[in-house]
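Some notes on the structure that comes next.
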Amino acid sequence: MATIIDGKQIAQQIRDGLKTEVARLQKERKITPGLAAVLVGENPASKVYVNMKAKACDETGIYSQKIPLPADTPQKKLIELVHGLNQDQKIHGILIQLPLPDHLDQHAVLQEVSPHKDVDGFHPMNLGKLLSAKFWDELPAFVPCTPAGCIQLIESTGIEIEGKNAVVVGRSVIVGKPVAMLLLAKQATVTIAHSRTKNLKEICRQADILVVAAGRPKLVTADMIKPGAVVIDVGVNRVGEKQLVGDVDFEAAKEVAGFITPVPGGVGPMTIAMLLRNTVESAQCSVS
Ligand code: GUN
């Protein structure tokens, strides 16, 4: 029976530490870290995430500005807004909640965010640095939040990443690719599997560390898990009215894995904690 990794508790510890740091920044340097969260359109899940992020800022002493925009906002207008936030002294972190409505070019918009305020780590400069880093200490200042949270959860088990077989299921720019790069920087042997992968079961069974970010409920079943493995479930799938499930068949998988994250209460809270951390670090580096 696996040890359940309590992401909620680990995230809370990080948030408590950040709260202390924010108070110190205010007292000693008169700086209040500030985050702007831009939400275009009415995606219900995105609304929930942005509200959670703003609430977490409030609880940590970080100034937050929610910027809701209509679904039909022209790209030019969105980019002008981003340019304004790049210049705004109160704002140390800018996040554009994804996905954007179809008429907007996500890549074009994200590259207008100042790389020095890119607390999501999605700017091509920060993604490029992530790709260039051979070792952990060469990583960019801003690493994408969900992947950074996954690494913290793996490390919370006390299991050494170096030299382990790590399998990442999913190849998104938000999770799959960056988490693979982070595992590589920690010197794991990394395999990226995805929807076209053949023999997914055999590949997953090789994993000492299995990170699943495919967006398919119960994609990973107990027979795909190596006994004793660390299983990190990034999936957030809504089934029925209220229930949230991950990409891993949790009830069966916990009988085989050594450590496993639940959904909810695993990776989700860590994403927010890492966003707060990136925002505080950005404020620490600010000159004003
Ligand atoms: N959509 C899904 N995950 C994320 C995230 O980490 N940041 C942003 N901005 N949008 C997302």
Side-chain angles (χ1 to χ4, degrees), residues 7 11 14 34-57 62 64-69 71 73 78-79 81-82 85-86 91-102 104-115 117-124 126-127 130 140-153 168 170-182 211-216 232-238 244 246-247 261 263-264 266-279 281-282:
I14 294 168
L35 175 75
V38 181
L39 172 65
V40 188
E42 303 289 330
N43 182 318
S46 290
K47 271 190 186 174
V48 171
Y49 291 137
V50 167
N51 285 334
M52 283 166 71
K53 290 170 184 178
K55 184 161 171 266
C57 282
I62 297 172
S64 73
Q65 199 178 335
K66 272 192 284 186
I67 307 175
L69 297 172
T73 300
L78 177 57
I79 288 176
L81 176 100
V82 169
L85 294 171
N86 286 344
I91 297 300
H92 304 92
I94 301 169
L95 89 81
I96 315 283
Q97 188 64 34
L98 304 177
L100 288 171
D102 286 344
L104 295 170
D105 178 346
Q106 180 172 308
H107 187 74
V109 172
L110 291 177
Q111 79 180 19
E112 297 302 325
V113 174
S114 163
K117 295 191 178 186
D118 173 37
V119 285
D120 259 328
F122 294 158
H123 187 281
N126 287 319
L127 287 173
L130 184 60
F142 300 125
V143 164
C145 302
T146 302
C150 292
I151 299 294
Q152 294 252 328
L153 292 177
V168 178
R171 54 176 153 177
S172 71
V173 178
I174 294 180
V175 186
K177 283 190 207 176
V179 84
M181 292 304 116
L182 295 180
V211 180
V212 193
R216 278 179 51 192
I232 307 293
D233 187 351
V234 188
V236 187
N237 307 291
R238 217 161 282 270
L244 276 188
D247 292 352
T261 60
V263 177
V267 173
M270 291 300 288
T271 297
I272 295 184
M274 296 296 103
L275 175 70
L276 301 175
R277 193 176 73 178
N278 281 348
T279 305
E281 284 178 3
S282 181

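One-based numbering, in listed order, for ligands and for the atoms of each. The figures here come from the full heavy-atom set of this structure, side chains too, leaving out hydrogens, waters and symmetry mates.
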Distance-only donor-acceptor pairs under 3.5 Å for side chains of residues 34-46, two or more places apart:
residue, atom, partner, partner atom, Å
Glu42, OE1, Lys47, NZ, 2.7
Asn43, OD1, Ala45, N, 3.0
Asn43, OD1, Ser46, N, 3.2

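The protein residues lying under 4.0 angstrom from ligand 1, judged by non-hydrogen atoms, are Lys53, Leu95, Ile96, Gln97, Leu98, Asp120, Phe122, Ile174.
Looking at Asn86, its side chain never comes within 3.5 Å of a backbone N or O of Ile94 through a donor-acceptor pair. Although no hydrogens or angles enter the test, the distance criterion places a donor-acceptor pair under 3.5 Å between the side chain of Asn126 and the main chain of Pro115.
Partners of Ala71 by side-chain contact (heavy atoms from CB on, under 4.5 Å), not counting sequence neighbours: none found. Take Asn237 and apply the side-chain hydrogen bond (donor to acceptor under 3.5 Å, both in side chains) test, not counting sequence neighbours, and it matches Asp247.
Pairing each heavy atom of Lys117 with each of Ile91, the nearest pair is NZ-O, 2.8 Å.
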